[in-house]
Amino acid sequence: MLSVSVWRGTEAGGSYQTFEVPAQDNQTILDVVSWIQQNADPTLSYRFACRVGMCGSCAMMVNGKPRWTCRTHVNKVLADDRVTIAPLRNLPVIKDLAADMDPFFDKWVKAGGRHHPTASRHDPMPAIRPDEPARAEANTAIECINCSVCYAACDTVAGNPDYLGPAALQRAWTLFNDAKEADRQAILDVVSGNGGCHNCHSQGSCTMHCPNELDPMRAIAGLKRASARSFFGRGN
């Protein structure tokens with residue numbers, strides 16, 4: 001049997017509740033949470049969808065680290081037959097293991113996460129060579145699925161609620177390098193302002209914990225360089 005401590009409560013407060021869960025071969029943390037909800041306490045709230053690491057919606061804190069629970073096998077994180085599961089850090093708690101993702105996506109949009117087109121649907125689509133340096137740079141982060149694991153891992157987010165966070169800044173860097181982006185300067189103006197890329201302490205937790213092995217810290221460093229060039233290029 002596994003001893004599983006699960007956070008129960010809301011943003012107003014709560015506590016851990018411990019369940020005894022049967023151990024099984026090839027068991028994931030999401031399997032454990034689902035077993036508790038289906039067999040021990042049907043009121044347990046949590047989020048999941050695809051179960052195969054494509055959507056990222058099942059991300060939770062497992063023994064203090066943000067992880068996709070569908071791809072986290074129990075035998076990789078178990079300590080003395082015990083495991084602790086909590087909602088993602090740095091986000092409000094809706095109930096139990098379900099975190100409110102609104103602040104994460106609000107910052108994603110604020111950081112320039114929306115594409116500014118250079119043409120209409122009536123214009124011919126220009127060809128973009130895949131081997132162009134800027135296209136190659138943009139491609140490094142297109143596999144981000146906005147699971148918020150990097151956001152939960154970031155100590156700067158924890159200490160600065162205005163900080164845009166690694167996922168939002170990585171998205172801004174992707175669009176900044178997109179040849180079809182119409183307003184690169186607008187992106188730089190946002191990410192170099194309050195709560196932007198220069199608040200990053202370069203500790204690397206975002207890159208370390210990304211389940212898709214992306215490198216948000218590299219993207220943030222790119223924005224720092226680009227915004228510095230823009231600042232001095234204006235003669236400030």
Side-chain angles (χ1 to χ4, degrees), residues 1-105 108 141 143-155 157-158 165-167 170 203-216:
M1 299 291 286
L2 308 174
S3 180
V4 183
S5 296
V6 177
W7 174 259
R8 306 301 304 275
T10 65
E11 185 66 14
S15 61
Y16 283 96
Q17 182 178 358
T18 301
F19 298 89
E20 298 298 315
V21 179
Q24 300 177 4
D25 293 336
N26 299 317
Q27 190 175 24
T28 67
I29 294 297
L30 184 57
D31 290 333
V32 168
V33 174
S34 297
W35 187 94
I36 294 172
Q37 195 271 341
Q38 294 167 10
N39 297 278
D41 188 344
T43 68
L44 176 64
S45 296
Y46 63 107
R47 182 184 289 117
F48 76 98
C50 72
R51 300 185 69 95
V52 291
M54 294 180 63
C55 69
S57 60
C58 69
M60 304 173 200
M61 303 297 293
V62 181
N63 288 349
K65 296 182 179 181
R67 296 176 176 272
W68 291 348
T69 57
C70 69
R71 286 175 52 178
T72 300
H73 286 264
V74 172
N75 59 9
K76 297 292 182 64
V77 296
L78 201 62
D80 298 324
D81 292 329
R82 300 182 62 86
V83 64
T84 300
I85 308 172
L88 285 176
R89 190 174 72 132
N90 298 334
L91 290 165
V93 178
I94 297 174
K95 182 177 180 290
D96 301 337
L97 301 175
D100 184 355
M101 298 288 287
D102 281 353
F104 172 81
F105 285 111
W108 194 85
E143 294 299 326
C144 175
I145 60 174
N146 297 311
C147 66
S148 198
V149 162
C150 63
Y151 191 87
C154 180
D155 288 333
V157 172
Q170 181 172 248
Q203 293 176 317
S205 295
C206 53
T207 296
M208 180 185 304
H209 289 91
C210 177
N212 270 344
E213 299 183 350
L214 304 182
D215 192 354

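Keep in mind the model is a prediction, meaning the values are calculated, not measured.
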Do Val83 and Val4 pass the side chain to side chain contact (heavy atoms under 4.5 Å, CB included) test, and can you show the C-alpha distance, the side-chain angles, and the key distance before you say yes or no?
CA-CA 5 Å; Val83 64; Val4 183; 3.7 Å; yes
Parallel under 30°, tilted from 30 to 60°, perpendicular over 60°: which one fits the rings of Tyr46 and Phe48?
parallel
Looking at [Y], is its backbone amide N or carbonyl O close enough to the side chain of [X] to form a donor-acceptor pair, meaning the two atoms are under 3.5 Å apart?
{"X": "Arg47", "Y": "Leu97", "value": "no"}
{"X": "Asn63", "Y": "Thr84", "value": "yes"}
{"X": "Asn90", "Y": "Val157", "value": "no"}
{"X": "Asn146", "Y": "Phe105", "value": "no"}
{"X": "Glu143", "Y": "Glu213", "value": "no"}
{"X": "Asn212", "Y": "Leu214", "value": "no"}

Check step by step if side chain to side chain contact (heavy atoms under 4.5 Å, CB included) holds for Gln17 and Leu44.
CA-CA 11 Å; Gln17 182 178 358; Leu44 176 64; over 6 Å; no
Output a table of donor-acceptor pairs, distance under 3.5 Å, between side-chain atoms of residues 64-82 and any protein atom two or more places apart or on a different chain; print 'none' if there are none.
| residue | atom | partner | partner atom | Å |
| --- | --- | --- | --- | --- |
| Thr69 | OG1 | Cys58 | O | 2.8 |
| Thr72 | OG1 | Trp68 | O | 2.7 |
| Arg82 | NH1 | Ser3 | OG | 3.0 |

Can you tell me if CD on Glu20 sees more than 12 non-hydrogen neighbours from other groups inside 6.0 Å?
yes
For the residue pair Ser34 and Asp31, confirm or rule out a side-chain donor-acceptor distance under 3.5 Å.
no
Should [X] and [Y] count as side-chain neighbours, where that means a heavy-atom distance under 4.5 Å?
{"X": "Pro22", "Y": "Met1", "result": "yes"}
{"X": "Gln27", "Y": "Val32", "result": "yes"}
{"X": "Val6", "Y": "Val33", "result": "no"}

Return each pair, listed once, that meets salt bridge (charged side-chain N to carboxylate O under 4.0 Å, His left out) where at least one residue sits in residues 4-19; pairs must be two or more places apart or across chains.
Arg8-Asp41, Arg8-Asp96
Across all chains, not counting sequence neighbours, the ring pair (Phe, Tyr, Trp, His ring centres under 6.0 Å) partners of Trp7 are Tyr16
Measuring from Leu2:CG to Thr18:OG1, what's the distance to the nearest 0.5 Å?
12.5 Å
Begin with the C-alpha distance, continue with both residues' side-chain angles, and end with the deciding distance and a verdict on side chain to side chain contact (heavy atoms under 4.5 Å, CB included) for Ile94 and Ser45.
CA-CA 9 Å; Ile94 297 174; Ser45 296; over 6 Å; no
